[in-house]
Each structure stands twice: as structure tokens, then as C-alpha cells.
Amino acid sequence: MKIATWNVNSLSVRLPQVVAWLQTQPVDVLALQELKLTDDKFPHEAFAALGYQSECFGQKTYNGVALLSRYPLHDTVRNIPGLADEQARVIAATAQTPEGPVRVVNGYFVNGQAPGTDKFAYKMRWLEALHAWLRSELAQHPALALVGDFNVAPEDRDSFDPEGLRETIHHTTEERQHFQALLALGLTDAFRCFEQPDKSFSWWDYRMLGFQKNRGLRIDHILVSPPLRGRLAGCSVDRAPRKNPQPSDHAPVVAQFD
DNA sequence: ATGCCGATTGTAAATCGA
């Protein structure tokens, strides 16, 4: 079984690339972020033609998340229960796999702009609410994957310039503590369970030849609970779609389970 | 440095992302 996450930066623009990618990488579950479209424009049929059921939570212009699955999805939740949030950032559902139910929580975490701003304060509130909600999700769903665009580079090795960017957005101690708090719930960073190339990233700035110079960040993650950790067989970034014409600025991250 | 990219809105130039 494979679970993947991909911030597509506009599904309207990227749909042909997502379809092409699924044809070469037929993952079982794909979590999408930054759809930038409303639910009425979500291309359920295009994914159904590839064998995927889809659940979406869209929004005009910004944000928007979706789950695609080859297995039936049920108990879908949109956004963090109890958190008043006008932005569509979370969709969670249970995939009924042959090995049993797997809860997939897909998040487009708040960017946060810069420490000290209102947006950063929103990011901290949002992370706090996510943490509290995940504790109860984990209690109800032993096999759980928290995936998405976390907008946090958890460690120095997850940044192309950890010294120059120290305590800037994605790199602050506060953001990293929130990431550690998620791990403290019993989750494991699937990517770090395996040997990886140095300077492995999942996002590169469109500007200044960021991808060509590999000036990137690892901010897209797959965190797994113990039952999934025990079955984890690999995790990697697929850089190939970043080389497409008109790419998303993010590349997909894929985790494989026995 | 806060940006030369890219998407969106809306039809020019501003906003946002990360």
C-alpha cells in the first residue's frame, strides 16, 4: 500500500500532471493541498476514471484539500472540529484497505508569513488545535497517517540554508516545537525512517532557479502511528514532477507499507 | 535585501505563497 501527499498549487492548472503522475505512480491514497478551487469545480470524474474515489474540501482562490483513494473512504471530517476557521485546510477520512481501516488526516498547514505577525499567531493557534484534535483521532483510529504540507522544516538538515534562515518562517523554534509535539503523540516521520540523500527537499522556490540549484525545504511530510510504522517499507520524495513544464513548486512525497 | 516566479482576480496591478 502507498500513501502520497502533494501540494499542487492550483488543481485547475495541475490536473493533467496529477492524472499523468497517478498513471505512472498508482498510489492507493493521494492527499492534495492548495486546490484553489471550489467543490463544484472539483474533477471527481477525472479521478474516478483512474479508479479513485475522491472527497474534497475546496475554497475559492486559496487553500483547499482533497483525498483520493482506491479503497472506499468513510467518516470524512472537514477542518479541525472545534476550531473556527474560514480557511479550508484539513480533510480527514478512513480508507477501508484490505489490511484494515487507515485514517488519513490531510492538512495544508498555515504558512505563517513571519514571526510576530497575525498570520504567525494564527499558525500557532491552528497547530495547537490540530494537536489537541489529533490526540482524540489517534485514540479512535490506531492506524493513522498525518500527511500534507506542514509548512515546517523540522530540522536544520531539512533546509538549504539553516544558518541564514535561522528563526525565520518554517525554521522557528516555536514551529519546530509544534512539530515535535505531533511526534510526541506517537507519530513517526516516515521519511527519516530510511537513509536519504543529503539535501532532500520537497519544495523549491519558483524564483532564482531554486530547483535547479536545489535551494529547497522539506516541509511536506508523512507522519505515521505505530501500527503503520511497523509496516513502513519506504518513503521518498518524487522529484520528477518538479521537472515538468509548469510544475507545482512542491514535489510529491510517497510512503510505502507492507 | 524580501525579490526577478506563479496563480488568482479580473482585465492592471495587487495579493499571497514559502
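The structure presented is a predicted model; accordingly, all values stated were derived computationally and were not measured. In what follows, every chain begins at residue 1, and chains take the letters A, B, ... in the order their sequences are listed. Because only heavy atoms are used, hydrogens play no part in the values below, and waters and symmetry mates are left out as well, while side chains stay in.
Every residue meeting the side-chain contact (heavy atoms from CB on, under 4.5 Å) condition with R231(A), not counting sequence neighbours, appears here in chain and number order: M1(A), E99(A), L228(A), F257(A). Applying the ring pair (Phe, Tyr, Trp, His ring centres under 6.0 Å) test to F150(A) and every residue at least two apart in sequence or in another chain returns F109(A), F179(A), H221(A).
Only the P atoms considered, dT11(B) is 37 Å distant from dA1(B), to the nearest whole Å. Annotation: dA7(B) and dA12(B) have their C1' atoms spaced 16 Å apart (nearest Å). Across the P atoms, dC16(B) and dG3(B) are found 13 Å apart, a figure rounded to whole Å. Taking atom P in both dC4(B) and dT15(B), the straight-line distance is 14 Å, to the nearest Å. When the C1' atom is used for both dG10(B) and dA14(B), the distance is 11 Å, rounded to whole Å.
The salt bridge (charged side-chain N to carboxylate O under 4.0 Å, His left out) analysis of residues 75-87 of chain A, with sequence neighbours excluded, yields the pairs E55(A)-R78(A). For residues 117-130 of chain A, every residue pair satisfying the salt bridge (charged side-chain N to carboxylate O under 4.0 Å, His left out) rule, not counting sequence neighbours, is listed here: K123(A)-E175(A).
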From CA spacing to verdict: salt bridge (charged side-chain N to carboxylate O under 4.0 Å, His left out), D158(A), R192(A): CA-CA 11 Å; D158(A) 299 313; R192(A) 292 303 181 197; 2.6 Å; yes

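Through side-chain heavy atoms spaced under 4.5 Å, either directly or across other Ile, Leu, Val, Met, Phe, Trp or Tyr residues, V18(A) is tied to W6(A), V8(A), L11(A), L15(A), V19(A), W21(A), L22(A), V27(A), L30(A), L32(A), L35(A), L37(A), F42(A), F47(A), L50(A), Y52(A), L68(A), V254(A).
If you take CG of L209(A) and C1' of dG3(B), they are 13 Å apart, rounded to a whole angstrom. One can place CG of D161(A) at 17 Å from P of dT2(B), the figure rounded to the nearest angstrom. The separation between R215(A) atom CZ and dC5(B) atom P is 15 Å, rounded to whole Å.
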Letter per nucleotide, 5' to 3', of nucleotides 6-18 of chain B [B base touched, S only sugar-phosphate touched, - untouched; heavy atoms, 4.0 Å]: SSSS------SBB

